[in-house]
Amino acid sequence: MKLSVKGFITHKDGEAYDDCADRMAFDVRPAALRAAIADGVSCGSFLQAQWAQYLTEGFVSQADEITSVPLDVCRQRWQETATAFANSPDAHWMTKHMFQRHIPGAATLVSLVVSAKHKLWFAESLGDSCMFFVPQGTEYDHSKWIVFAPDSFDNYPNYYASYEGMDKGLPVYEMGNLEQGRFYIMTDALSEWLCRQKEDAIAIINNWENQDMFEASITQLRNEGILHNDDSTILIISIEDDGEELFTCNNEDKIFTDINKLI
């Protein structure tokens, strides 16, 4: 099976990449593809961008068969970062206050494992970041899509927290057979837009070939009042049957914007 991956990210209008709390990660191996997107929750949260990054990186770095999020490892990493940040000589008093009060990092998450060995995929979601699978040839028939999204979008999503026992809500799961088509994994603003616009949104998304095209399109959609002004992140994973049992993905088939190089 031949894979190609595109990943784009941008910040809210009026802010900068320093302010963006979305994160994404993926890892392509011969036997499995692993991918994740997280959205740091801004309200009542501390170091949420770091938490989102640790969740996504922690998930994709695991062994092929593991489908769960390594929360213990991610929490330990975040807590070490928070301790160093709060205890640094130039730490703001509010930073120290939030750390002392055990204010957690909070983030929504969608994670995906696609197994070449078992010819299956498995997804897990908590919050309002979403996943859509569009089988090949069904771009204009959304009744055949697999939509992994919440019933509604608001300012109070469920999330994973960086301290044990402070998560909000419970994750939900979805699985399916490996077939040709595209996975679209995205944070809430794009997810809500795709849920509303369906085929029209897919047609626009499929034209995004690089970061500049993505940013220009996001700006236009926001200016037209079609897309909510929020951090926006998407992973597009295309699967094509090339007759091979294992996955292949060449460097030219990976177009990925690393936010850490933009901050």
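Here the structure is a predicted model, which is why all the values come from computation and not from measurement. Side chains are part of it too, since the values below use all heavy atoms of this structure and drop only hydrogens, waters and symmetry mates.
At a cut-off of 3.5 Å, with distance as the only test, no side-chain donor of Thr81 or Gln50 sits close to an acceptor on the other residue. Between the side chains of Thr187 and Asp39, no donor N or O sits under 3.5 Å from an acceptor N or O.
Looking at Ser42 and Gln48, their side chains come closer than 4.5 Å, going by heavy atoms from C-beta outward. Using a 4.5 Å heavy-atom cutoff, the side chains of Gln197 and Ile204 are not in contact. Counting heavy atoms from C-beta outward, Leu178 and Val114 have side chains that approach closer than 4.5 Å. Inter-residue side-chain proximity for Phe214 and Ile234 is flagged as met; some heavy-atom pair is nearer than 4.5 Å. The shortest distance between side-chain heavy atoms of Glu139 and Arg182 does not fall below 4.5 Å. Between Cys249 and Phe247, every side-chain heavy-atom pair lies at or beyond the 4.5 Å cut-off. Between Ser191 and Asp128, every side-chain heavy-atom pair lies at or beyond the 4.5 Å cut-off. The shortest side-chain heavy-atom distance between Ile37 and Asp22 does not fall under the 4.5 Å cut-off.
The only option from His11, Met186, Arg222 that meets the side chain to side chain contact (heavy atoms under 4.5 Å, CB included) definition with Ser232 turns out to be Arg222.
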Next item on the list: Could you give me the CA-CA distance, side-chain angles and deciding distance for Asp253 and Lys2, then say whether salt bridge (charged side-chain N to carboxylate O under 4.0 Å, His left out) is met?
Entry: CA-CA 9 Å; Asp253 297 319; Lys2 180 177 175 57; 2.8 Å; yes
Item checked: Residue pair Val5, Ile255: steps toward the side chain to side chain contact (heavy atoms under 4.5 Å, CB included) verdict -> CA-CA 6 Å; Val5 181; Ile255 303 171; over 6 Å; no
Notebook entry, point to check: Can you list the steps and then say if Ile205 with Leu190 is a side chain to side chain contact (heavy atoms under 4.5 Å, CB included)?
Noted result: CA-CA 10 Å; Ile205 291 170; Leu190 290 171; 5.9 Å; no
Check: Can you list the steps and then say if Leu33 with Trp121 is a side chain to side chain contact (heavy atoms under 4.5 Å, CB included)?
Finding: CA-CA 9 Å; Leu33 169 119; Trp121 57 263; over 6 Å; no
Note to self: Could you go through Phe26 and Val28, starting from their C-alpha distance and side-chain angles, then the distance that decides it, and tell me whether this counts as side chain to side chain contact (heavy atoms under 4.5 Å, CB included)?
What the structure shows: CA-CA 7 Å; Phe26 75 94; Val28 179; 3.8 Å; yes
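Residue-environment remark: CD (Glu252) exceeds the threshold of 12 foreign heavy atoms within 6.0 Å. Other residues, nucleotides and ligands place more than 12 heavy atoms under 6.0 Å from the NZ atom of Lys119. Atom CD of Glu245 sits in a sparse spot, with 12 or fewer heavy atoms from other residues, nucleotides or ligands closer than 6.0 Å. Other residues, nucleotides and ligands place no more than 12 heavy atoms under 6.0 Å from the OH atom of Tyr156.
Cluster annotation: Met213 and Ile236 are assigned to distinct hydrophobic clusters (Ile/Leu/Val/Met/Phe/Trp/Tyr, side-chain heavy-atom contacts under 4.5 Å, transitive). Leu120 and Tyr173 fall within the same hydrophobic cluster, where Ile, Leu, Val, Met, Phe, Trp and Tyr residues are linked whenever their side-chain heavy atoms come under 4.5 Å apart, directly or through other members. Taking hydrophobic clusters as Ile, Leu, Val, Met, Phe, Trp and Tyr residues chained together by side-chain heavy-atom distances below 4.5 Å, Phe122 does not share a cluster with Ile66. Hydrophobic clustering (ILVMFWY, side-chain heavy atoms < 4.5 Å, transitive): Tyr184 and Met24 are in distinct clusters. Residues Ile9 and Leu227 are members of separate hydrophobic clusters, defined by side-chain heavy-atom contacts under 4.5 angstrom among Ile, Leu, Val, Met, Phe, Trp and Tyr.
To the nearest 0.5 angstrom, Asp154 atom CG is 9.5 Å from Glu192 atom CD. Separation of atoms CG (Leu112) and OG (Ser125) is listed at 11.5 Å; rounding is to 0.5 Å. The structure places CD of Gln211 at 7.0 Å from CZ of Phe8, a figure rounded to the nearest 0.5 Å. Atoms NZ and CG, on Lys6 and Asn210 in that order, are 9.5 Å from each other to the nearest 0.5 Å. A distance of 8.0 Å separates CZ in Arg34 from OG1 in Thr67, rounded to the nearest 0.5 Å. Atoms CG and CD1, from Asp18 and Ile259 in turn, are 8.5 Å apart once rounded to the nearest 0.5 Å.
Between the side chain of Thr138 and the main chain of Val134, no donor-acceptor pair closer than 3.5 Å is present. Remark: the backbone N or O of Ile226 is paired with a side-chain donor or acceptor of Arg196 at under 3.5 angstrom. The closest donor-acceptor contact from the side chain of Asn206 to the backbone of Ala203 lies at 3.5 Å or more, if one exists at all. With Ser45 contributing its side chain and Pro104 its backbone, the two residues share a donor-acceptor pair below 3.5 Å. Checked by atom type and distance alone, the side chain of Ser61 pairs as donor or acceptor with a backbone atom of Gly58 at under 3.5 Å. The backbone N or O of Arg23 lies less than 3.5 Å from no partner atom in the side chain of Gln53, so there is not a single donor-acceptor pair. Distance alone, capped at 3.5 Å, is enough to place a donor-acceptor pair between the Asp231 side chain and the Ala21 backbone.
Ring pair Phe133/Phe183 is tilted by interplanar angle, where 30° to 60° counts as tilted.
Sorted by first and then second residue, the pairs that involve residues 96-113 and meet side chain to side chain donor-acceptor pair (under 3.5 Å), not counting sequence neighbours, are Thr108-Ser129.
For Gly40 against Ala107, the heavy-atom pair with the smallest separation is CA-CB, 3.9 Å.
Checked against ring pair (Phe, Tyr, Trp, His ring centres under 6.0 Å), Tyr140 has no partners two or more places apart in sequence or in another chain.
Chaining together hydrophobic side chains whose heavy atoms lie under 4.5 Å apart places Met166 alongside Phe46, Leu47, Trp51, Tyr54, Leu55, Phe59, Val60, Val69, Leu71, Trp78, Phe85, Trp93, Met94, Met98, Phe99, Ile103, Leu109, Val113, Leu126, Tyr160, Tyr163.
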